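Single-structure report; data block below.
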Amino acid sequence: MKRSQVYLLDNQWQKLVTLSKQTGQSVAQLVRVAIDKVYIKKNNINFELALRKGFGIWENRIDIENTDKYVRNLRIDKRINRLYDRHSD
């Protein structure tokens with residue numbers, strides 16, 4: 001964690017002190033939470049947007065007959081088959 005000094009307006013400081021008393025959180029913690037909500041949230045929005053854009057991209061694939069079956073087949077755990085093949089010799 002890094003230490004920083006910030007100049008606040010009187011009304012900003014009063015609001016933070018009031019919230020600190022109400023919530024039991026330190027002023028520093030309130031500032032960290034506020035920064036996360038404003039600046040970190042933007043990255044989450046970009047991530048969510050990317051997920052939404054990618055949703056359904058396999059829906060109209062013509063090179064795969066049934067995408068559900070294809071994905072299910074990819075997820076089959078083949079370790080049991082390899083283990084069985086080793087011991088069947």
Side-chain angles (χ1 to χ4, degrees):
M1 191 175 298
K2 301 288 183 184
R3 183 175 180 190
S4 180
Q5 183 174 351
V6 179
Y7 291 96
L8 300 171
L9 299 173
D10 289 337
N11 64 334
Q12 292 171 324
W13 175 252
Q14 283 301 326
K15 181 65 175 178
L16 286 171
V17 169
T18 301
L19 283 171
S20 177
K21 290 176 182 175
Q22 290 173 349
T23 64
Q25 293 180 319
S26 68
V27 170
Q29 179 62 23
L30 291 171
V31 171
R32 286 191 294 270
V33 169
I35 290 170
D36 285 347
K37 283 183 179 180
V38 171
Y39 295 105
I40 305 301
K41 180 181 174 186
K42 288 182 181 180
N43 290 338
N44 290 341
I45 290 171
N46 291 337
F47 179 72
E48 185 179 340
L49 181 62
L51 283 177
R52 289 184 187 281
K53 284 185 176 182
F55 184 76
I57 59 173
W58 282 41
E59 187 175 28
N60 297 317
R61 296 265 314 245
I62 58 173
D63 58 326
I64 300 172
E65 287 182 29
N66 181 325
T67 54
D68 289 336
K69 183 178 175 183
Y70 177 79
V71 171
R72 206 172 296 118
N73 188 40
L74 288 175
R75 292 180 178 168
I76 292 175
D77 188 356
K78 295 182 171 71
R79 289 178 293 173
I80 291 176
N81 293 340
R82 287 194 309 263
L83 183 62
Y84 178 75
D85 290 342
R86 270 192 236 158
H87 293 301
S88 64
D89 293 334

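Not measured: the values here are computed from a predicted model. Computation of the quantities below employed the complete heavy-atom set of this structure, encompassing side-chain atoms and omitting hydrogens, waters and symmetry-equivalent molecules.
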Exercise. Could you pull out all residues at least two apart from Asp63 that satisfy side-chain hydrogen bond (donor to acceptor under 3.5 Å, both in side chains)?
Key: Arg61
Quiz item: Under 4.5 Å between side-chain heavy atoms, hopping through other hydrophobics if needed: is there a path connecting Ile35 to Val38?
Solution: yes
Exercise. Just jot down the salt bridge (charged side-chain N to carboxylate O under 4.0 Å, His left out) partners of Arg72, sequence neighbours excluded, or say none.
Key: none
Exercise. Treating Ile, Leu, Val, Met, Phe, Trp and Tyr as nodes and any side-chain heavy-atom pair under 4.5 angstrom as an edge, say whether Val31 and Val33 lie in one connected cluster.
Key: no
Run the side-chain donor-acceptor check on residues 2-17: report pairs under 3.5 Å with partners two or more places apart or on a different chain.
unit_1 : atom_1 : unit_2 : atom_2 : d
Gln12  : OE1    : Leu9   : N      : 2.7

Practice problem: Among residues two or more places apart or on two chains, list those pairs meeting side-chain hydrogen bond (donor to acceptor under 3.5 Å, both in side chains) that have a residue in residues 22-35. | Solution: Gln29-Arg32
